[in-house]
Amino acid sequence: MSAATTRSGTPRTPRATRTPDRLCAEAVDLAREAAEEAAAPGIVGAHVEVVAEGDRVVTHYFESKEPGYRGWRWAVTVTRASRAKNVTLDETVLLPGADALMAPEWVPWSERLRPGDMGPGDLLPTEQDDLRLEPGYSGEDAPPPNSAVSEEMEEHLDEEDAELTSRTPSRGAIAAVAEELGMRRARVLSRYGLHMAADRWDEAFGAKTPMAQAAPASCESCAFLVPLAGSLKQAFGICANEFSPADGRVVSLAYGCGGHSEAAVMPKPPRPAAPVLDSMAADVFPLRPAKDSGSTSEPDAASEDLGHS
């Protein structure tokens, strides 16, 4: 039967604040002596309070003067047997108080690690179920030597034995080709891992950075861009310009900087002048040319009568 229940099986109601045992509460000197023995000299401060832990069990609290342990208290628990007058020591421990200065909650190393934390000689193991990785080709699933590639080929093995045997790839041949192509790895990047890398690189050296916004052109047309291999080559490359802030970094094709290879010969885009519109004044247009211009003469009176100009 649990200690929290009575013999009838009903839960025991919590007791009100217990009254400390008188003999145990008076054993302040015994408790201080125990605290001073556990702590360094001069560390145990004034007596703070007495708390009843149970029947004839009392805990004495003392201030701690230990540097760096602000708000901590030395807790010394004493007790005595039933009908006994001798108080004995139970345990001594340093406990935090209500306003104690405590260390932050422990965080696993995998969550504390940040880019750039690794140093020479450090090892960073990856979990077996790491979402960034997926199984690759290591040669273990290659067909054994002289085996048919498919069931259809195996059915015709008797008829074209020599031809099929020469066409059947062996384990060594497949492994050699895979190793040459860089595919003979136990695990490779998954699509999730590729997307994470692409987002990280695009955030650091992408089209939305201030450097790219002020660049004369993008890295896609720059001679210093070294293309990548694989699916990432469609959006990323490596900068090989020593004067660029992205030298030796993976950059987005939409990224750009002032060190573009064609920046010196790129003409500046023409900017038309701002239009000028005066709507407050009236423009005067003459109906006839001026008399002193020499282009026309005064009309003849006879021609006007006949209707000729």
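Atom set for the values below is all heavy atoms of this structure, side chains included, hydrogens, waters and symmetry mates excluded.
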Can you name the residues that form a side chain to side chain donor-acceptor pair (under 3.5 Å) with T209, not counting sequence neighbours?
none

CZ (R191) and NE2 (H195) are apart, to the nearest 0.5 Å, by 4.5 Å

side-chain contact (heavy atoms from CB on, under 4.5 Å) for I238 and L225? Distances and angles first, verdict last.
CA-CA 6 Å; I238 299 177; L225 181 74; over 6 Å; no

I would like to know whether F62 and R32 meet side-chain contact (heavy atoms from CB on, under 4.5 Å); could you show each step before the answer?
CA-CA 8 Å; F62 300 89; R32 178 179 293 276; 3.7 Å; yes

R73 vs E49, test: side-chain contact (heavy atoms from CB on, under 4.5 Å). Steps then yes/no.
CA-CA 10 Å; R73 303 183 300 178; E49 63 176 337; 2.9 Å; yes

Rounded to the nearest 0.5 Å, what's the gap from CG on L101 to CH2 on W72? Could you check?
9.0 Å

Let me check something: do V76 and L30 share a hydrophobic cluster, defined by ILVMFWY side-chain heavy atoms less than 4.5 Å apart, either directly or through other members?
yes

Over all atoms of both residues, closest heavy-atom pair of V58 and P20
CG2-CB, 4.0 Å

With side chains defined as the heavy atoms from C-beta onward, is the minimum distance between S252 and D202 less than 4.5 Å?
yes

Who pairs with D21 by side chain to side chain donor-acceptor pair (under 3.5 Å), at least two apart in sequence or on another chain?
R80

On a heavy-atom basis, the closest approach of C257 and A215 is N-CB, 3.3 Å

When rounded to the nearest 0.5 Å, the distance separating CG of L194 from CG of L189 is 5.0 Å

Shared ILVMFWY cluster between V226 and L232, side chains joined below 4.5 angstrom?
yes

Any heavy-atom pair between the side chains of E262 and S221 that's under 4.5 Å?
no

May I ask you to establish whether R249 and F205 are in a cation-pi arrangement, using a distance under 6.0 Å from NZ or CZ to the six-membered ring centre and at most 45° from the ring axis?
no

So, the side chain of S190 versus the backbone of E134: is there a donor-acceptor pair under 3.5 Å, distance only?
no

Over all atoms of both residues, closest heavy-atom pair of S261 and C222
N-SG, 3.5 Å

Kindly give the heavy-atom pair with the smallest separation between R132 and Y192, and that separation in Å.
N-CD2, 4.0 Å

With hydrophobic residues grouped by side-chain heavy-atom distances under 4.5 Å, do V57 and V87 end up in a single group?
no

Can you confirm whether Y255 sits close enough to M211 that some side-chain heavy atom of one is under 4.5 Å from a side-chain heavy atom of the other?
yes

If you measure from CZ on R70 to CE on M102, what distance do you get to the nearest 0.5 Å?
12.5 Å

Pairwise distance NZ(K233) to CG(L228) - rounded to 0.5 angstrom
10.0 Å

Is it true that atom CD of Q234 has more than 12 heavy atoms of other residues, nucleotides or ligands lying nearer than 6.0 Å?
no

Could you report the tightest heavy-atom contact between A240 and D247, atom names first, then the distance?
C-OD1, 3.7 Å

Main chain of E111, side chain of R114: is a donor-acceptor contact present, judged purely on distance under 3.5 Å?
yes

Less than 4.5 Å apart, any side-chain heavy atom of L89 and any of V78?
yes

Pairwise distance CZ(R112) to CG(D117) - rounded to 0.5 angstrom
10.0 Å

V251-L253 co-clustered via ILVMFWY side chain contacts under 4.5 Å
yes

Closest approach of H60 to V28 (non-hydrogen atoms, all atoms of both residues)
CE1-CG2, 3.9 Å

Should we count CD of E37 as having more than 12 external heavy atoms under 6.0 Å?
no

Taking the six-membered ring for Trp, is the centroid-to-centroid distance between F236 and W201 below 6.0 Å?
yes

Mark yes or no for whether Q213, through its side chain, and A207, through its backbone, hold a donor-acceptor pair below 3.5 Å.
yes

Could you check whether any side-chain heavy atom of V50 comes within less than 4.5 Å of a side-chain heavy atom of T59, counting everything from C-beta outward?
no

Run H260 and S218 through side-chain contact (heavy atoms from CB on, under 4.5 Å) and show every step you take.
CA-CA 8 Å; H260 196 281; S218 62; 6.0 Å; no

Is there a donor-acceptor pair closer than 3.5 Å between any side-chain N or O of D90 and the backbone N or O of T79?
no

Mark yes or no for whether W74, through its side chain, and E36, through its backbone, hold a donor-acceptor pair below 3.5 Å.
no

Is it the case that one hydrophobic cluster holds both L23 and V51, taking links as side-chain heavy atoms less than 4.5 Å apart, direct or via other members?
no

